[in-house]
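First up is the structure itself, then whatever we jot down about it.
In this chain, residues are counted from 1 in sequence order. Predicted model only: the values in this text are computed from it and were never measured. Both ligands and their constituent atoms are indexed starting at 1 by order of listing.
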Amino acid sequence: MIGPFSYAGSPAQIVFGTGSKNKLAEWIANAGCKRALVLSTPHQRADAEALARDIGPLACGVFAGAVMHTPVDVTEAAMKVVAETRADCVVSLGGGSTTGLGKAIAYRTDLPQIVVPTTYAGSEVTPILGQTEGGRKTTVRDARILPEIVIYDPALTLGLPVSMSVTSGLNAMAHAVEGLYARDRNPISTLMALEGLRAFSRSLPVIVERPDDAGARNEALYGAWLCGTVLGTVGMALHHKICHTLGGSFETPHAETHAVMLPHTAAFNAKAAASELATAADIFGGSIGGGLWDFAKTIGAPLSLKEFGLSQADLDRAASIAVENPYWNPRPIDRDSIRALLQEAWEGRRPVD
Ligand code: NAD
């Protein structure tokens, strides 16, 4: 039975296709802008400088200081450059960290953002910004944060290392899995989630074998758009809460944490959301938790929290934090069940749905 549901399409302009990076100047002009500040991490500085050269007089500078978790002091340093260069838009070239900096600037200035993603994290299509200050992470959701234009050029992902492709892909897939049982899901978010999972189920194994396979890179980035859009549209549940807890309080690596936790949180919710997860379970061989674990193992993803140096005492504390202010979840949670779930993920055992 369909519904009841409410649905609003995203206003973001999506431009997809190999070579679409070459249309950046056109899209800056379409947005009515003349002075773009190009953002990146230090690691991608050379790529950002090359992109700035490509757009010639439309570039007013490069700020290559983006880092993970959008620290407020980095945003403040970037804001000075925005003022000095009189930028009238930002171009974020990179993964979720660079997109986060562009969002933080747009949140403070309402400057238009054009994002050119190079990972599968999905942040570029969400109105959500996570920032850190004094060791605390806060999350804001605001219309100013949603990037106006996203240019997906699969050619830019050809060099994304295989290990990052795998974990970033599983990070995106986690948005889709949680979107399937979201209370505020709608028929379009469900279609996008399933199509995104199919895209990654086909493309990631090929990327592991042949990282420069243009067709697989194309399909994976398509999956990233779909899964990211689900994240930007509907509410997330236990999986995202646990990953935010582990990343926020224990500094575990972002995409890798999602990769390890996804099979376990999916198995945890498998019975409570059996009908919502049925088609996704079919994509992964009939069982959602076990199937996702087998898939993750095949593509060489990290499988245990132990690998991140977490101790048993850390799991005790993480379980307590994860049940404070919990997100809605299809299966009711309590501290003991979350502690047991974390133990399974720490040991890296194949979950039983
Ligand atoms: P990232 O942006 O931190 O990138 C990791 C490293 O890989 C960086 O050094 C980056 O420069 C490099 N890199 C990126 N693309 C590359 C490529 N094609 N080739 C070679 N190197 C490349 O990683 P991420 O996983 O994309 O982003 C993680 C961050 O995004 C976290 O802070 C997370 O909280 C945030 N995030 C936010 C949302 C949201 O909706 N707000 C969604 C997903 C992730």
Could you go through the ring pair (Phe, Tyr, Trp, His ring centres under 6.0 Å) check for His264 and His239 one step at a time?
-> CA-CA 9 Å; His264 297 278; His239 172 84; over 10 Å; no
Short N or O contacts of ligand 1 with protein, under 3.5 Å, listed by atom name?
residue: ligand 1; atom: 2 (O); partner: Gly96; partner atom: N; Å: 3.1
residue: ligand 1; atom: 2 (O); partner: Ser97; partner atom: N; Å: 3.0
residue: ligand 1; atom: 2 (O); partner: Ser97; partner atom: OG; Å: 3.4
residue: ligand 1; atom: 3 (O); partner: Ser97; partner atom: OG; Å: 2.5
residue: ligand 1; atom: 11 (O); partner: Thr41; partner atom: OG1; Å: 2.5
residue: ligand 1; atom: 11 (O); partner: Gln44; partner atom: OE1; Å: 2.8
residue: ligand 1; atom: 15 (N); partner: Gln44; partner atom: NE2; Å: 3.3
residue: ligand 1; atom: 15 (N); partner: Thr118; partner atom: O; Å: 3.4
residue: ligand 1; atom: 15 (N); partner: Thr118; partner atom: OG1; Å: 2.7
residue: ligand 1; atom: 18 (N); partner: Thr118; partner atom: O; Å: 3.1
residue: ligand 1; atom: 18 (N); partner: Leu156; partner atom: O; Å: 3.4
residue: ligand 1; atom: 26 (O); partner: Gly96; partner atom: N; Å: 2.8
residue: ligand 1; atom: 26 (O); partner: Thr119; partner atom: OG1; Å: 2.7
residue: ligand 1; atom: 27 (O); partner: Gly96; partner atom: N; Å: 3.1
residue: ligand 1; atom: 32 (O); partner: His69; partner atom: N; Å: 3.2
residue: ligand 1; atom: 32 (O); partner: His69; partner atom: ND1; Å: 3.4
residue: ligand 1; atom: 34 (O); partner: Lys137; partner atom: NZ; Å: 3.4
residue: ligand 1; atom: 40 (O); partner: Thr126; partner atom: OG1; Å: 2.6
residue: ligand 1; atom: 41 (N); partner: Ile128; partner atom: O; Å: 2.9

From Arg331, Arg185, Lys271, residue fulfilling salt bridge (charged side-chain N to carboxylate O under 4.0 Å, His left out) relative to Glu276 = Arg185
Apply ring pair (Phe, Tyr, Trp, His ring centres under 6.0 Å) to Phe250 and Phe308, showing your working.
-> CA-CA 9 Å; Phe250 303 92; Phe308 308 145; over 10 Å; no
Ignoring hydrogens and angles, tell me if any N or O in the side chain of Ser337 forms a donor-acceptor pair with the backbone of Asp334 under 3.5 Å.
->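 Yes, because the side chain of Ser337 sits within donor-acceptor range (under 3.5 Å) of the backbone of Asp334.
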Quick one: do Arg350 and Asp294 make a salt bridge, cutoff under 4.0 Å?
-> yes
Taking C-beta and beyond as the side chain, do Phe284 and Met173 meet within less than 4.5 Å on heavy atoms?
-> yes
